[in-house]
Amino acid sequence: MSGRAQLMWDEAVTGYDFGPQHPMDPVRLTLTRSLIRAFGLERDLDVVRAKAVGDSTLRLVHRQDYVDAVRAASAAPGEADGSYGIGTPDDPAFAGMHEVSALIAGQSVGAAEAVWRGDVAHAVNFAGGLHHAMPGGASGFCIYNDAALAIARLLELGAERVAYVDVDVHHGDGVQAAFWEDPRVLTISLHEHPQTLFPQTGWPQETGEAEGGAVNVALPAGTGDAGWLRAFHAVVPELLAEFRPQVLVTQHGADTHFEDPLAHLAVSLDAQRLVQEACHSLAHEYADGRWVALGGGGYAVVEVVPRSWTHLTAIAAGRPIPPTAEVPEEWRAEVYARTRQPGPRRMTDGVVPEWKDWDSGYDPADRLDQAVLATRRAVFPLRGLLP
Ligand SMILES: [Zn+2]
């Protein structure tokens, strides 16, 4: 297995654009790509462009009638009427929607194939992670579920155990739904509590048809670095140690950040980076190093997303960027030219996150501890673990 990492990128993915009033501004992808270049990460990465997925791959997750509806809306966006979730405020139709969505899915499927074949140990598609798309409908800014498609492709290639860890602030509902009954896939999602955030699912009691195949940690609104890291480490490593995945697929939505306008967690860039590093280590510890890392949500498109996913890519490339590093001046010039905003100066929020290990004790009055324990009680015994 090569030690090299692969970055999936085709400039055309920036055509995934719901319009100027929509929060998912594709400038977040453009600026991430430029920041990766500005740090010279290409020396340690292969940049690869995969083909768009075709209907036979889309059908591994999506219904053909839905794919046909996306194609029709893509050709005539003015006629989308909200059926299949297309033509809604969250998912407006746009020309070329089918093609660019299939292209993003192709990058995630290509990443999965490269890792499965052993071409590279790690592959990153930060344009992917569109985890809300359902088998039969668009949802939450997501048309085709590239994360689920990558996992489905791994299964098609013969994988028997794939773990999916989703740290986006929103519940990874589409991926959970796609593999609800499939014991070969363990889905773990850490997200803001469904009472306060879209998509209002991801309760700890959602454990899947296949004995504990779905795991949900519903974090209280306002959770910051200490709670987020404590929850991650109290749940994810033990489950991966028990499940022994052949491949680890992770989704790194950056919308947990305190500056994110659409959600209510208070996580720093520095904690996001620590979780990225933890995912990298866990892939080596439990999945023979096979790691497919995806992007996801993230609506602080200048301040947060490019730095978060540049850290992710650098970790996958084996050349992590120290948090204290300065952001290259050429990149800040590009940020200003594109957005008339100054852009951040450093690769840190200036904090050094600390957290307490779960073994260090449980506080029954603490809402974060209550949330973690609810998950462990709901699912750990189903997997033969102590709650
Ligand atoms: Zn999200």
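Predicted model only: the values in this text are computed from it and were never measured. Throughout, numbering of the chain's residues begins at 1 and tracks the sequence.
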**Q.** Worked check of side chain to side chain donor-acceptor pair (under 3.5 Å) between Asp90 and Thr88
**A.** CA-CA 5 Å; Asp90 272 8; Thr88 56; over 6 Å; no
Q. Can Tyr299 and Asp25 be counted as having a side-chain donor-acceptor contact under 3.5 angstrom?
A. no
Q) Do Asp349 and Arg307 sit within salt-bridge range, that is, some charged N less than 4.0 Å from a carboxylate O? A) yes
Q) Between atom CG of Asn216 and atom OG of Ser189, what is the distance when rounded to the nearest 0.5 Å? A) 5.5 Å
Q.
Regarding Thr250 and His252, do their side chains bring together a donor and an acceptor under 3.5 Å, going by distance alone?
A. yes
Q: Kindly determine whether Trp331 and Phe39 satisfy ring pair (Phe, Tyr, Trp, His ring centres under 6.0 Å), including the steps that lead there.
A: CA-CA 9 Å; Trp331 183 77; Phe39 271 108; 8.8 Å; no
(Q) Would you say that Leu186 contacts Arg161 through its side chain, given a criterion of any heavy-atom pair below 4.5 Å between the two side chains? (A) no
Q) Are any non-hydrogen side-chain atoms of Asp91 and Ile143 less than 4.5 angstrom apart? A) yes
Q. Given Gln246 and Asp288, is the side chain to side chain contact (heavy atoms under 4.5 Å, CB included) satisfied, shown in steps?
A. CA-CA 7 Å; Gln246 292 161 299; Asp288 276 337; over 6 Å; no
Q.
His22: which residues meet the side-chain contact (heavy atoms from CB on, under 4.5 Å) condition with it, sequence neighbours left out?
A. Phe18, Met24, Pro92, Phe141
Q: Can you see which heavy atom on Lys51 is nearest to which on Leu103, and at what distance?
A: C-CD1, 4.4 Å
(Q) Is it the case that over 12 heavy atoms from other parts of the model lie below 6.0 angstrom from the CD atom of Gln21? (A) yes
Q | Presence of salt bridge, Arg184 and Glu160, under 4.0 angstrom | A | no
(Q) Is there a path of hydrophobic side-chain contacts, each under 4.5 Å between heavy atoms, that joins Val120 and Leu312? (A) no
**Q.** Pairwise distance CD(Glu242) to CG(Leu385) - rounded to 0.5 angstrom
**A.** 5.0 Å
Q | Cation-pi, Trp116 ring and Arg290 (6.0 angstrom, 45 degrees) | A | yes
**Q.** Closest contact, heavy atoms only, Pro322 versus His311
**A.** O-CE1, 4.4 Å
Q.
Between Arg230 and Asp225, is the salt bridge (Lys or Arg N to Asp or Glu O under 4.0 Å) condition met? List the steps.
A. CA-CA 8 Å; Arg230 177 167 165 86; Asp225 289 354; over 6 Å; no
Q.
Distance check, rounded to the nearest 0.5 Å: Tyr16 atom OH versus Glu99 atom CD?
A. 13.5 Å
Q: Using a strict 4.0 Å threshold on nitrogen-to-oxygen distance, state whether Glu42 and Arg33 make a salt bridge.
A: yes
Q: Would you check, one step at a time, whether the test side chain to side chain donor-acceptor pair (under 3.5 Å) holds for His132 with Asp173?
A: CA-CA 6 Å; His132 296 306; Asp173 57 343; 2.7 Å; yes
Q. With hydrophobic residues grouped by side-chain heavy-atom distances under 4.5 Å, do Val165 and Val379 end up in a single group?
A. yes
Q.
For a quick test of reading the model, state the closest non-hydrogen atom pair linking Ile104 to Asp146 and the distance between them.
A. O-CB, 4.2 Å
**Q.** Partners passing ring pair (Phe, Tyr, Trp, His ring centres under 6.0 Å) against Trp180 (at least two apart in sequence or in another chain)
**A.** none
**Q.** Selection residues 207-233 - residue pairs positive for ring pair (Phe, Tyr, Trp, His ring centres under 6.0 Å), sequence neighbours left out
**A.** His233-Trp355
Q.
Less than 4.5 Å apart, side chain to side chain, heavy atoms only: is that true for Leu155 and Asp182?
A. yes
Q) Side chains of Val236 and Leu190: does their closest heavy-atom pair fall under 4.5 Å? A) yes
Q: Applying side chain to side chain contact (heavy atoms under 4.5 Å, CB included), run through Leu368 and Leu219 and close with a yes or a no.
A: CA-CA 7 Å; Leu368 188 278; Leu219 302 163; 3.6 Å; yes
Q.
Please check if the number of heavy atoms outside Arg367 that lie under 6.0 Å from its CZ is greater than 12.
A. no
Q | Working for side chain to side chain donor-acceptor pair (under 3.5 Å), residues Glu206 and Thr201 | A | CA-CA 8 Å; Glu206 295 170 31; Thr201 55; 4.8 Å; no
**Q.** Passing option when Arg332 is tested against Glu329, Glu330, Glu334 for salt bridge (Lys or Arg N to Asp or Glu O under 4.0 Å)
**A.** Glu329
Q) Between Ala317 and Ala5, what is the shortest heavy-atom contact and its length? A) CA-CB, 3.9 Å
Q | Rounded distance (nearest 0.5 Å) linking atom OG of Ser139 with atom CE of Met134 | A | 6.0 Å
Q.
Restricting to side-chain contact (heavy atoms from CB on, under 4.5 Å), what partner residues turn up for Asp363, sequence neighbours left out?
A. Ala365, Asp366, Asp369
(Q) I'd like to know if Glu113 pairs up with Arg153 as an ion pair, taking the criterion as any Lys NZ or Arg NE/NH1/NH2 lying under 4.0 Å from an Asp or Glu carboxylate oxygen. (A) yes
**Q.** Shared hydrophobic cluster, Val115 / Leu282 (ILVMFWY, side-chain heavy atoms < 4.5 Å)
**A.** no
Q. Does any donor atom in the side chain of Asp46 or Gln6 lie under 3.5 Å from an acceptor atom in the other side chain?
A. no
Q) With sequence neighbours left out, what residues match His171 under ring pair (Phe, Tyr, Trp, His ring centres under 6.0 Å)? A) His191
Q: Would you mind reporting whether Glu326 and Arg345 have side-chain heavy atoms less than 4.5 Å apart?
A: no
Q.
Using the rule given for side chain to side chain contact (heavy atoms under 4.5 Å, CB included), can you reason through Val124 versus Met8, listing the C-alpha separation, both sets of side-chain angles and the distance that settles it, and then say yes or no?
A. CA-CA 6 Å; Val124 178; Met8 311 304 298; over 6 Å; no
Q. Side-chain contact, heavy-atom cut-off 4.5 Å: Tyr164 with Ile188?
A. no
Q: Work out which heavy atom in Ala178 is nearest to a heavy atom in Val61; give both atom names and the distance.
A: CB-CG1, 4.4 Å
(Q) In terms of relative ring orientation, are Tyr66 and Tyr144 parallel, tilted or perpendicular, with 30° and 60° separating the classes? (A) perpendicular
Q: Please list, chain by chain and in numerical order, all residues satisfying side-chain contact (heavy atoms from CB on, under 4.5 Å) with Thr196, sequence neighbours excluded.
A: Glu192, His193, Ala221
Q) Taking the side chain as C-beta and beyond, is there a heavy-atom pair between Leu35 and Leu31 under 4.5 Å? A) no
Q) Passes salt bridge (Lys or Arg N to Asp or Glu O under 4.0 Å), Glu238 versus Arg376? Steps please. A) CA-CA 10 Å; Glu238 270 181 85; Arg376 290 178 60 110; 2.8 Å; yes
(Q) Tell me whether Trp358 shares a hydrophobic cluster with Val235, the cluster being built from Ile, Leu, Val, Met, Phe, Trp, Tyr side chains joined at under 4.5 Å. (A) yes
Q) Should Val47 and Trp291 be counted in the same cluster of Ile, Leu, Val, Met, Phe, Trp and Tyr side chains packed under 4.5 Å apart? A) yes
Q | Steps toward side chain to side chain donor-acceptor pair (under 3.5 Å) verdict (Gln107, Asp10) | A | CA-CA 8 Å; Gln107 307 315 305; Asp10 183 324; 5.0 Å; no
Q. Taking the side chain as C-beta and beyond, is there a heavy-atom pair between Thr324 and Arg346 under 4.5 Å?
A. yes
Q: List the atom of Pro323, the atom of Asp270, and the distance in Å for their closest heavy-atom pair.
A: CB-OD2, 3.7 Å
